[in-house]
Amino acid sequence: MATTRSSPPLFSGNEYSLGDLARPQYFNQPLKLRHGTSDALRKYLERMLLIRRVEEKIGEGIESGDVVCPCHLGIGQEAIAVGVASSLRPTDRVFGNHRSHSHFLSLGGSAFELFAEVLGKNEGCSKGMGGSMHLVDAARGFVGSVPIVAGTIPLAVGAALAAKMDGNGDVALAFFGDGATEEGALHESLNLAASMKLPVLFVCENNLFSSHLHIRLRQPADRIARYALAHCVRAATIDGNDVDTIAHTASRLISDMRAGLGPAFLEVVTYRWRGHVGPREDNDVGVDRNSDLGLWKKRDPIKRLFDGMSARGWIRHDELADLDSQIVATLNKDWERAMAADYPPVHTLMDRVYFTRQENGTS
Amino acid sequence: MARVNYGAAIREGFAYLLDRHPDVFIIGQGLWAKWYVGNSMTDLDKIYGTDRVIDSPVSELACTGAAVGASLCGYRPVVVHPRMDFMLYAMDPIVNQAAKWCHMTGGQSHAKVTIRGIINRGGEQGAQHSQALHAWFAHVPGLRVVMPATPRYARDLLVSSVLCDDPVLYIDDRWLYEQEDELPPITESPLEDQRPRVLMVGDDVTIVGAGYAVLQCIRAADKLRQFNIRAEVIDLRILNPLDVTEVVRSVKKTGRLCVVDSSWRTCGLAGEVISSVAEILDPRSFLCRPLRVTLPDAPAPTSGPLEAAYYPTDNHIASSIAELVSAQEIVMRLTPVEPARSTK
């Protein structure tokens, strides 16, 4: 059995199969919370709720016609970015993909800047030049996200090479979905990272779908970590809707990487509640989606965290309600501000084709 | 000054960069071997260490992507593709990622990576060991494309490319490796300031090329001189962004334009230069139609006689130009009106 020491005790699959992790009727109980402190879990809860409300707001913006750029919402997948980010520091180098609002926000990225970006405004995180699919936040270690599937995986390997050369124990990380594992880029990158022993964490958000197509129709097996094992990369496959287990597992993998043990692979099994792109649920698209979506919503990462904390007396319902209304109130203000912000001046269309030191004052 | 050949000049550029710039490293296939890249990187791994001169797995995509990624994190990597044909596996990191990174991050981040693609052809190597694809990359905004024709430019433009803050396609040609030059000491100069250069001065016809084509232009110009045709030869050096100011100035003087490109014709460099000049110049400045000499639009063959027919020779270029010039002289003799050139 190729499962490593990082695999969780509840893993019921084998080298090729996700087992119960892919069955929505399982893993829907309150989280057991074996690892995190009350304070840490409260922070996770707050951040996950923020991410969900931000994405819901963006979804409304799409429906109202204010947001035009393609937005890929990750509602239902909030635990992954938040859990992994708990072990990262601003000098680490994180790369995302087309569905990266959660990655950006989990590192502390500004909701206002994200709103402004999806609205194409100059105060956006990418100065209105990127939209939802090209986010950047260098100060917090978010090097960038792009929508070319698997496009950032080799970039993260290079960022890990840079981190290794720097010698400060920093790590690089690429978030990608199960669809990206069908690209050659992943396999070349795993081999390169493993053979050069580079500190890069490959995080596969396995939500069982690539666009409209279920993994069953695209791959002979549903456990993605098998690719990592084939390249001699340490791997763990865990419940992607359990922020406590994610934070704990990521922490172990990342501290090993900081200590020079080379790359690692974290497969987190989840499900997106909305369609591939846009705010609709798309439950008429894809295998079993109509019957499964309702069950997956019971595996809600936020509700299960809250229920677990509540069972221990670490949070009350009214506290959650207060937290939620504070978040919503702040986001409404951010949204209004973003709506009122200016668009980039037209000359930036040509000014930013090549880098100009004057504009940035950096190298 | 010692005479140095083109390959050794590139090596000098690399040694200079590795010596003076700790943020420079090199990754690619064959960097620890003797035969992949001619004499252009000999023993750099032994002198500067295998941590900075990295021979890589057979993964063009991952290695180019890794170089782009490292360039976003404080380094100035050079990724070497010993044969450009194999570099096509790396189109995503070059065209989708590096070229657009600055623009799509609002200028906050930029891929200061150099991608060296070597043109290596001839010797019956055939369709997949022959391609010169500079025009593809010159088409992409955000990339800079550099094509040195002489040992000095090979060395100096390499230094400028690696120290540039944008992604650069640096394309050298194995058919130039035996060319020799006397090289002055290296001075660092920004790539943005580099322009085409006039390598030979003449009044009768302007001949333009890049990379190996420049050598052919010079040889053709030498042949034409025997027939008292004085050609001006311009080495473009930088294909993206393309600056035709010097070519326009020259054609204003000569009235005739021939562009030589050692790649294909359709949507190629030669057509681009001709149309860029034609857009700027008054049509009356042209004494005759412009001419392009390129490869035929066919993959490179292997069989010897087909290969001989495939690559334009110096003689072919010279005779095409002679035809252009003398045909026009005949026209001028037969036409009673003053040539348009003298009315300007």
Side-chain angles (χ1 to χ4, degrees), chain A residues 93 95 117 122 124-131 133-138 143-144 146 148 150-166 170 172 183-193 195-196 198 344 348-357 359-360 362-363, chain B residues 22-23 25 27 51-52 54 56-77 79 89-93 95-113 140-144 163-168 190-192 240-241:
Chain A
R93 301 99 197 262
F95 291 82
E117 191 56 45
N122 201 27
C125 61
S126 305
K127 301 197 179 180
M129 303 296 282
M133 300 192 293
H134 307 104
L135 307 174
V136 61
D137 189 0
V143 188
V146 303
I148 299 294
T152 54
I153 300 175
L155 270 53
V157 171
L161 175 58
K164 188 179 180 184
M165 287 176 163
D166 288 343
D170 294 328
E183 298 282 4
L186 172 75
H187 302 271
E188 288 191 19
S189 297
L190 282 167
N191 178 66
L192 185 62
S195 58
M196 293 185 75
L198 301 178
T348 60
L349 175 68
M350 299 310 293
D351 290 352
R352 288 160 175 168
V353 175
Y354 296 101
F355 181 70
T356 45
R357 214 162 271 273
E359 185 182 10
N360 295 276
T362 57
S363 53
Chain B
D23 52 350
F25 72 87
I27 184 168
D51 288 343
R52 292 182 72 201
I54 304 166
S56 79
V58 190
S59 303
E60 288 81 4
L61 163 51
C63 292
T64 308
V68 173
S71 84
L72 300 173
C73 298
Y75 286 83
R76 293 187 179 278
V79 56
Y89 274 128
M91 287 302 264
D92 175 67
V95 175
N96 282 327
Q97 312 304 341
K100 290 156 178 84
W101 204 270
C102 178
H103 200 259
M104 66 195 185
T105 62
Q108 298 175 91
S109 177
H110 53 108
K112 45 190 192 302
V113 61
V140 179
L143 292 178
R144 294 183 186 274
L163 299 181
C164 176
D165 286 327
D166 297 309
V168 180
L191 187 62
E192 303 89 289
N240 189 12

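Proteins come first, then strands; the chains are lettered A, B, ... in the order of their sequence lines, and each starts at number 1.
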Leading residue by heavy atom contact count with chain B [cutoff under 4.5 Å; candidates [options]]:
{"options": "A:Leu161, A:Val146, A:Asn122", "result": "A:Val146"}
{"options": "A:Met196, A:Met133, A:Met129", "result": "A:Met129"}
{"options": "A:Ile153, A:Leu349, A:Leu186", "result": "A:Leu349"}
{"options": "A:Thr152, A:Asn191, A:Ile148", "result": "A:Ile148"}
{"options": "A:Lys164, A:His187, A:Met165, A:Arg93", "result": "A:Met165"}

With sequence neighbours excluded, what pairs up with B:Asn240 under the side chain to side chain contact (heavy atoms under 4.5 Å, CB included) test?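 For B:Asn240, the residues satisfying side chain to side chain contact (heavy atoms under 4.5 Å, CB included) (neighbours in sequence not counted) are A:Tyr354, B:Ala138, B:Leu143, B:Val145.
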Restricting to side chain to side chain contact (heavy atoms under 4.5 Å, CB included), what partner residues turn up for B:Leu191, sequence neighbours left out?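 Applying side chain to side chain contact (heavy atoms under 4.5 Å, CB included) to B:Leu191 gives B:Arg144, B:Val146, B:Leu157, B:Ser160, B:Ser161, B:Cys164, B:Val168, B:Gln194, B:Ile238.
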Could you label the plane-to-plane angle of the B:His110 and A:Phe355 rings as parallel, tilted or perpendicular, counting under 30° as parallel and over 60° as perpendicular? parallel
Heavy-atom distance under 4.5 Å to chain A: side chain of B:Glu60, backbone, both or neither? backbone
Interface moiety of B:Pro77 toward chain A, non-hydrogen atoms closer than 4.5 Å: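 Answer is neither: B:Pro77 stays 4.5 Å or more from chain A.
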Are side-chain heavy atoms of A:Asp137 and A:Cys125 found at a separation under 4.5 Å?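 A:Asp137 vs A:Cys125: side chains apart.
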What distance separates B:Leu163 CG from B:Asp23 CG, expressed to the nearest 0.5 Å?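 Reported to 0.5 Å precision, the distance equals 8.0 Å.
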